[in-house]
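One structure below.
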Amino acid sequence: MQAIILAAGMGRRLGEYTKDNTKCMVEVNGERLIDRLLGQLSELNLTRVIIVIGYQGRKLADHIGHRYDGRLKIEFTENPIYDKTNNIYSLSLVKDKMQEDDTLLIESDLIFSDRLFPMIVDCPHPNVALVAKYESWMDGTMVRIDAENNIVNFVPKQAFKYDDIDQYYKTVNIYKFSKEFSCHKYVPFLEAYCHALGNNEYYEQVLRVITLLDNSDLKALPIGDEKWYEIDDIQDLDIAETIFAMPEEMQRRFNYRYGGHWRFPKMLDYCYLVNPYFPTRRMKDELRSSFDVLLTEYPSGMFVNSLLAGKYFGIRQEYVVVGNGAAELIKSLMEISEGRIGVVYPTFEEYPHRLKPSDIVAFIPADSDLKYTEDDLINFFTGKDIKSLLLINPDNPTGNFIGVAGLQKLMAWSAQKGIRLIVDESFVDFSEDFENNTLLRNETLAANPHLVVMKSISKSYGVPGLRLGVLASADTELIHAVSRDISIWNINSFAEFYMQIFGKYEKDYKKACHRFIAERRRFEALLKEIPYMHVLPTQANYFCIKLTDKYTSDELARFLLVNYNIIIKDCDTKSGLKGQNYIRISIRDEKDNNQLIAALKELA
């Protein structure tokens, strides 16, 4: 068996990375693509490797030099018109060599698991294309396959239909062709295709023609969860470097993304906190039905959005301001606030990050489960020089919760002391009896003008991509100050429309919350069976867990990411928890939670 590598392209979309080099000379985590590829090929029993070069081809050949002597016999074929042709011409230059042996055909801009070559070489079928189930990041040629994994059609870009994505597989651009297939099918069709349609085409088009025959002999070999990536631009390069990083570096790269995990479709995200049961399918369908209008029309300004938010939560328009996520409102509120602020640690770091350390008066619970009550806060902060007190309720990351009676006591105490009470209730709808726990009520706000309520719509409503949050208070001067501080068009049309239609789905939302609470109880019982974990009580959509032995928080987070493609929150980065081996695990649906439990048990 021989290998043919197509490496003549210019790779313009990689910009500076390919200014003076061809694509396969780009480094991923310090190793050039061509070196990784040739290293993988050197583990096979090959008669030779033929590399079709073009753009900066001499540099590529000089780089390879004699470093693989004794392991690979490498030959070069030059495409002198690489800038006027596509890869069908590069392949046609070596068509005679294709007919001399069984062939592995490989594109040079790939990075993939070491297991892929043995997978395709050991496959008993003589003519095989490696394929991966379609994911959102994939571009280029797709295929359809039948129940016996025969490729029944190649789907070019112009024929791609998003309605059919469940049936698509993406070609990994690694093929195995038998000598007989090349001689009697592929090369004759290649010659005819080039003669009829020219050289500015792709070699997959020839395969598309062949698959239209009654018996094409070309099988698909799905790669399952094996890792691979095609590198066409700088974002592809960033993702490839993340996927194929060493364990510690992989963990660091995912952590500094602060989201965007949808770019990694196989990942189970137990780090970010959203409702797994809302929005409903019907609500999503209504959002989709207005996609064209929402995409092409401007959103309303702040007046309309505060009106919608007031309707959404049943409070007066003048009491509320809408943010591009709670993060925008937190920034504004912290910058407007005067004097020192009482903060319970550990906490959601976005608040203290907006403050000077000298402006923070910190309370750290003494309880081993990080629990605290309203009395603990009152006793600690009485006599302290603070102008505001921040309470995340339920707290993040501990899940500690103070009920309505305790909040009433805190509101009375803070009013008496002239302290602004800031309550972030982003997770309150996950609490038991959640319908009665919110402070977003006109009578509550009106009776407590020193009260400020923050709520992220991303969390409990399951729409973090919309970036929605609200700040509410009967202190209308504060509301106006925040409104003036943020942009008039701070949310987009999709977020505005979501608030507009939410009322029709409010009953579905409450059902989703009850369903969530039931799953939390089930999941908690399973987590408590893991011997190296102590699970803290929670009223939120996450568990704060202390690792009692076997692993540090960093080790467990890394093992889950690298070996199971599961990401959790290592709380070692949080003030007040450093070095104490706490993790935070969000709560997803039953299927996903069972998958995490299985991984945790394997690590026991």
Side-chain angles (χ1 to χ4, degrees), residues 1-6 86-88 90-92 94-95 98-99 101-107 109-110 112-113 115-194 196-197 201-230 265:
M1 179 175 284
Q2 63 184 354
I4 295 175
I5 302 172
L6 302 181
N86 267 318
N87 61 18
I88 196 170
S90 290
L91 190 56
S92 72
V94 292
K95 63 185 180 183
M98 284 184 73
Q99 299 174 83
D101 201 351
D102 297 342
T103 299
L104 283 177
L105 176 61
I106 310 146
E107 295 191 23
D109 57 356
L110 304 173
F112 48 86
S113 162
R115 289 184 284 271
L116 290 197
F117 277 148
M119 181 185 294
I120 193 170
V121 169
D122 295 341
C123 179
H125 299 292
N127 308 299
V128 180
L130 291 183
V131 298
K133 199 74 177 73
Y134 174 80
E135 294 175 357
S136 58
W137 63 268
M138 296 174 179
D139 193 16
T141 302
M142 304 292 162
V143 297
R144 292 175 183 264
I145 64 178
D146 64 17
E148 285 76 41
N149 283 349
N150 296 301
I151 296 179
V152 296
N153 192 17
F154 277 74
V155 183
K157 285 185 179 181
Q158 60 268 30
F160 183 98
K161 296 180 180 178
Y162 283 98
D163 289 341
D164 295 338
I165 58 176
D166 288 343
Q167 304 171 49
Y168 287 159
Y169 286 79
K170 170 74 178 75
T171 54
V172 178
N173 298 332
I174 300 175
Y175 298 86
K176 180 177 72 174
F177 299 147
S178 68
K179 176 181 175 180
E180 181 183 14
F181 180 83
S182 295
C183 289
H184 300 296
K185 286 192 176 176
Y186 190 81
V187 171
F189 277 97
L190 174 71
E191 291 174 335
Y193 197 98
C194 289
L197 297 172
E201 294 284 341
Y202 296 94
Y203 67 80
E204 295 98 337
Q205 290 292 88
V206 178
L207 293 172
R208 186 184 184 210
V209 173
I210 292 173
T211 57
L212 296 177
L213 302 175
D214 289 339
N215 182 16
S216 72
D217 298 325
L218 186 59
K219 292 276 189 178
L221 180 57
I223 65 172
D225 291 331
E226 294 293 338
K227 294 192 293 188
W228 76 287
Y229 219 81
E230 183 177 14

Original post:
What do you reckon, is NZ of Lys227 surrounded by more than 12 foreign heavy atoms closer than 6.0 Å?
Top reply: yes

Original post:
When you look at CD of Glu135, are more than 12 heavy atoms from neighbouring residues, nucleotides or ligands closer to it than 6.0 Å?
Top reply: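 Yes, CD of Glu135 has more than 12 neighbouring heavy atoms, counting only those of other groups under 6.0 Å.
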
Original post:
Hey, is the main chain of Asp166 close enough, under 3.5 Å, to the side chain of Lys133 for a donor-acceptor pair?
Top reply: yes

**OP:** Return yes if some donor-acceptor pair links the side-chain N/O of Asn87 with the main-chain N/O of Tyr203 below 3.5 Å, else return no.
**Re:** yes

Supply the atom-to-atom distance [X] [atom1] to [Y] [atom2], rounded to the nearest 0.5 angstrom.
| X | Y | atom1 | atom2 | answer |
| --- | --- | --- | --- | --- |
| His184 | Asp217 | NE2 | CG | 11.5 Å |
| Lys170 | Glu230 | NZ | CD | 4.5 Å |
| Tyr175 | Glu107 | OH | CD | 7.0 Å |
| Ile223 | Met119 | CD1 | CE | 7.0 Å |
| Tyr169 | Asn149 | OH | CG | 7.0 Å |

Subject >> Ring-ring centroid check Tyr134 Phe160, cutoff 6.0 Å >> reply: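 Close enough - the centres of the two rings lie under 6.0 Å apart.
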
Original post:
Between Asn127 and Lys176, is any side-chain donor less than 3.5 angstrom from a side-chain acceptor?
Top reply: no

Original post:
Are side-chain N/O atoms of Gln99 and Ser182 paired as donor and acceptor at under 3.5 Å?
Top reply: no

Subject >> Derivation of the side chain to side chain contact (heavy atoms under 4.5 Å, CB included) call for Tyr186 and Leu105 >> reply: CA-CA 12 Å; Tyr186 190 81; Leu105 176 61; 5.6 Å; no

**OP:** Could you walk me through whether Asp101 and Lys179 pass the side chain to side chain contact (heavy atoms under 4.5 Å, CB included) test, one step at a time?
**Re:** CA-CA 5 Å; Asp101 201 351; Lys179 176 181 175 180; 5.7 Å; no

Subject >> Test log, rule side chain to side chain contact (heavy atoms under 4.5 Å, CB included), inputs Phe117 and Leu104 >> reply: CA-CA 9 Å; Phe117 277 148; Leu104 283 177; 4.3 Å; yes

**OP:** Answer yes or no: is there a side-chain heavy-atom contact under 4.5 Å between Asn150 and Lys219?
**Re:** yes

Subject >> Name of the residue among Asp164, Asn153, Thr211 meeting side-chain hydrogen bond (donor to acceptor under 3.5 Å, both in side chains) with Arg144 >> reply: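 Considering Asp164, Asn153, Thr211, a side-chain hydrogen bond (donor to acceptor under 3.5 Å, both in side chains) with Arg144 is found only for Asp164.
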
**OP:** Grab the two heavy atoms, one from Pro222 and one from Ile145, that are nearest each other, plus how far apart they are.
**Re:** CG-CD1, 4.5 Å

